[in-house]
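Computed from heavy atoms alone, side chains included, the values below leave out hydrogens, waters and symmetry copies. Lettering follows sequence order; numbering is per chain, from 1.
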Protein chains: 4
Amino acid sequence: MRPKDDAKVEAIYEATLRQIDEVGIAGATMARIARDAGVATGTLYTYFENKHELLSKLYVRIKSGAVAEFVRDMPADQPYRIVFRRVWLNMLQFNVQRHLEGTFMAQFYRSTYISEEVRAEGLRLFQPINALLDRGKREQLVRDVDNALLHAAISGPIYETAQLVHEGRLTLNDEIIEQVFQMTWDSIKA
Amino acid sequence: MRPKDDAKVEAIYEATLRQIDEVGIAGATMARIARDAGVATGTLYTYFENKHELLSKLYVRIKSGAVAEFVRDMPADQPYRIVFRRVWLNMLQFNVQRHLEGTFMAQFYRSTYISEEVRAEGLRLFQPINALLDRGKREQLVRDVDNALLHAAISGPIYETAQLVHEGRLTLNDEIIEQVFQMTWDSIKA
Amino acid sequence: MRPKDDAKVEAIYEATLRQIDEVGIAGATMARIARDAGVATGTLYTYFENKHELLSKLYVRIKSGAVAEFVRDMPADQPYRIVFRRVWLNMLQFNVQRHLEGTFMAQFYRSTYISEEVRAEGLRLFQPINALLDRGKREQLVRDVDNALLHAAISGPIYETAQLVHEGRLTLNDEIIEQVFQMTWDSIKA
Amino acid sequence: MRPKDDAKVEAIYEATLRQIDEVGIAGATMARIARDAGVATGTLYTYFENKHELLSKLYVRIKSGAVAEFVRDMPADQPYRIVFRRVWLNMLQFNVQRHLEGTFMAQFYRSTYISEEVRAEGLRLFQPINALLDRGKREQLVRDVDNALLHAAISGPIYETAQLVHEGRLTLNDEIIEQVFQMTWDSIKA
DNA sequence: TATGAATGAGCCTTCATTCAT
DNA sequence: TATGAATGAAGGCTCATTCAT
């Protein structure tokens, strides 16, 4: 189905995120999402087969947007640490500033809503990050361990840190960001 | 009359965990939990005020059990790295082997079901871990940063690693465990 | 889309009355009401927030309808006794012939379902009757006592009489109606 | 079944009345009644077959107690009006002062809980009142109409008046009582 | 007999989805 | 295509009644 009105899809996506942030994935009913998006409930079904598809598409969309965000302004020709730092900072900022998206991805990824295909698709989107890690290994600046483990070492702390900020238990500033980065870098550096 | 039955509470807790693992926190209906536990729906309400209380009590119970597990066999009089490694290993094993519990805590902590009090109580239970980190800082073996950040650096990778194992994307062995530990240790060590 | 349907509201109101008559206010479940009205249970909630609102609106509606009925064909320019008789007869007939409505009002008024606001609203609707009593007092044809007492003297016997008819212990005819009226008139006349 | 403990039955009856007054006939659950009476839920079933029987027996008990109350201190050898006034006053006082009982009888009589037998039994208990009315007719002091109608003319206003008092819309004093009595007397007198 | 835990049908309400307009 | 009323299967919870102790 080729939606006529991209702006409407956009509004639906945004309403979905807002509602999930407010009332959680289960509390975000189709009626609430529709109202928030300024359309009728039935209209949701013009653009999406059902709630599952709405969430899945939103997930893929956010995930690919996120990865694009991660590699934004990546100074590819700079020394590795500089490049990595840029990407890491993008990841942290994305998770902190766009908490809705980050939280949704985390929630959805572990939810029963996600299907195997969507999960796999999400992984595929991470390719650019893997490429970055591979470069680091080639240059012998990053430990030679499974990318999945490196990823765990990088994302894990970011998720937890963003959560701390969201809970109000931590306020970020340059010094703290530097500390967190240093910890992660020490964690993965060869 | 029949006395309240501890074994029954136990069965309810276990059924709850199983169901949440299978169908998520929202999908785990009181009826499903009851059936799984082998009791009538109404019986759940003999032991718990409502679903919220059931989940909250289960959370606190698991969390305190987890922390107890974390500090189990802790060789308190050994050098710090040895002690920390023991605790870290306990944490990893808990999250990997008792995936139901780990997954529930993560889901519940981020869900709309949790109340502020329960969240605070959960934090309070972490006191022993904070004590361990404090010792590390006193001995100048651990970076002098906020415990919350250290905790993010330690738990984040553990959660992600356990998730990888659960998804079948990673199989743990001594070598990999050693790699992961080394990454975390390098991350937090002074 | 389907517009909200007045006939449906009507059907719901009627089904509610029927069910309350059959099984009482507590026995009249939303499901029964819906079935009787020929709609799905959920449809009730399109028209009414909840059971309380359904009953409250029905109450106000019936009460105002009843009062309108009471003063119907009131020969306002006739001597007081004629006017009063007309109104009294309307009241009796309403309570006898439209037993469902009468019974519902009585039950609801004394139930725990009714709220203070609705009770007050119900009283307000009685204004025309009070006006009639006031005229009687002005013309010194009616005792100068509190309207509430007069009302008790008028309505009380009507309710009881209607109940007798409903139970089959009494059949009304002109002579009996005359007797009952005379008793009430003697009761309130100056 | 011959209950051992009359005091317990008494406590149950009183608790039932209290609960019905507080939360209505439907809200008065067996568990609440039991708790209020200071016994276990199951104990109710030692003394009563089920809720229906509990209510029915309570009804008959109250009704007969009420009638006994009505004819209390009846100066049988006095002039009719004196005697009638005494009985009428007893009725009014019972309905006003023992509102729980009065309200319960009214509620129960019109509820779906009551069976034909109980209703008939209730009527039978009214025999003394009918005797009083019959005497009035013999002495040609009371209109020669069906006792049921006389009863409607007497009880109806009493119920309504008691309700007014209960709602706080009326406070009784000697003057008002006199007014109300006069209205009723004028209503039934020959 | 007394207790209160256990039962499960049933209650009110919600909500993903359908469908008449 | 867009609307939102209509649907009915659950969901959380209650409660009369039963039953093990």
Side-chain angles (χ1 to χ4, degrees), chain A residues 1-5 8 26-35 37-55, chain B residues 1-5 8-9 26-35 37-54, chain C residues 1-5 8-9 26-35 37-54, chain D residues 1-5 8 26-35 37-55:
Chain A
M1 171 200 40
R2 185 69 195 76
K4 270 283 155 49
D5 192 343
K8 206 161 280 183
T29 68
M30 295 298 265
R32 286 182 77 123
I33 291 170
R35 195 176 329 116
V39 300
T41 310
T43 304
L44 297 184
Y45 290 84
T46 304
Y47 294 93
F48 304 95
E49 196 87 22
N50 50 38
K51 189 176 182 179
H52 171 76
E53 195 195 277
L54 164 56
L55 295 180
Chain B
M1 59 119 206
R2 261 160 299 188
K4 281 203 192 184
D5 188 344
K8 207 159 281 180
V9 179
T29 68
M30 295 300 265
R32 285 182 78 122
I33 292 170
R35 197 175 327 114
V39 300
T41 310
T43 303
L44 297 185
Y45 293 86
T46 304
Y47 293 92
F48 303 96
E49 197 91 21
N50 50 38
K51 187 176 180 179
H52 172 75
E53 195 194 279
L54 164 54
Chain C
M1 59 117 210
R2 262 161 297 190
K4 280 203 193 184
D5 189 345
K8 206 158 283 178
V9 179
T29 68
M30 295 300 265
R32 285 183 78 123
I33 292 170
R35 197 176 326 115
V39 300
T41 309
T43 303
L44 298 184
Y45 293 86
T46 303
Y47 293 92
F48 304 95
E49 197 91 22
N50 49 40
K51 188 175 180 179
H52 173 75
E53 196 195 278
L54 165 54
Chain D
M1 172 199 39
R2 184 69 195 79
K4 271 282 156 45
D5 191 344
K8 205 160 283 182
T29 68
M30 295 299 265
R32 286 182 77 124
I33 291 170
R35 197 177 327 116
V39 300
T41 308
T43 303
L44 298 184
Y45 290 85
T46 304
Y47 294 93
F48 304 95
E49 196 88 21
N50 49 37
K51 189 176 181 179
H52 172 79
E53 196 195 275
L54 164 55
L55 295 180

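Taking only side-chain atoms of C/M30, from C-beta outward, the nucleotide of F/dG12, E/dT7, E/dC12 with the closest atom is E/dC12. Taking the side chain of B/A40 as heavy atoms from C-beta on, and the options F/dC13, E/dT7, E/dA5, the nearest nucleotide is E/dT7. The side chain of D/T46 approaches E/dA2 more closely than any other nucleotide in the set F/dA6, E/dA2, E/dT17. Comparing atom distances between the D/V39 side chain and each of F/dT17, F/dG12, E/dT3 picks out E/dT3 as nearest.
For the pair B/G38 and C/P3, nearest-nucleotide mapping onto DNA chain E gives the more 5' position to B/G38. Nearest-nucleotide positions on DNA chain F place A/T43 closer to the 5' end than the other of B/N50 and A/T43. Residue-to-nucleotide proximity on DNA chain E shows that, of B/G42 and C/G27, the 5′-proximal contact is made by B/G42. Toward the 5′ end of DNA chain F lies the nearest nucleotide of A/K8, the other residue of the pair A/K8 and C/T41 mapping further downstream.
D/Y47 has a side-chain polar atom (N or O) that falls below the 4.0 Å cut-off from OP1 or OP2 of E/dA2.
B/Y47 places a side-chain N or O within 3.5 Å of a backbone atom of B/D5 that can act as its donor or acceptor partner. Side-chain N or O atoms of C/K4 include none that pairs as donor or acceptor with a backbone N or O of C/V9 at under 3.5 Å.
In this structure, B/K51 NZ and B/T29 OG1 are separated by 7.0 Å, a value rounded to the nearest 0.5 Å.
Between D/R32 atom CZ and F/dC15 atom C1' there is a gap of 12 Å when expressed in whole angstrom units. In this structure, CD of C/E49 is placed 11 Å from C1' of E/dT13, rounded to the nearest angstrom. C/F48 has its CZ atom 15 Å from the P atom of E/dC12, to the nearest Å. With rounding to whole Å, A/I33 atom CD1 is found 11 Å from E/dT17 atom P. The distance from atom CG of D/L54 to atom C1' of F/dT17 is 14 Å, rounded to the nearest whole Å. For D/Y45 and E/dG4, the OH to P distance is 16 Å, given to the nearest whole Å. Rounding to whole angstrom units, CG of residue C/L44 and P of F/dG8 are separated by 12 Å. Between the C1' atom of F/dT21 and the CZ atom of B/R2 lies a distance of 8 Å, rounded to the nearest Å.
Pairing partner, E/dA20: F/dT3, with both Watson-Crick or wobble hydrogen-bond distances short of 3.5 Å.
B/E53 CD: more than 12 foreign heavy atoms inside a 6.0 Å radius.
Nucleic acid contact for D/T29: sugar-phosphate only, since backbone atoms but no base atoms lie under 4.0 Å from a heavy atom of the residue.
With a 4.5 Å cut-off on side-chain heavy atoms, C/L54 and C/I33 count as touching.
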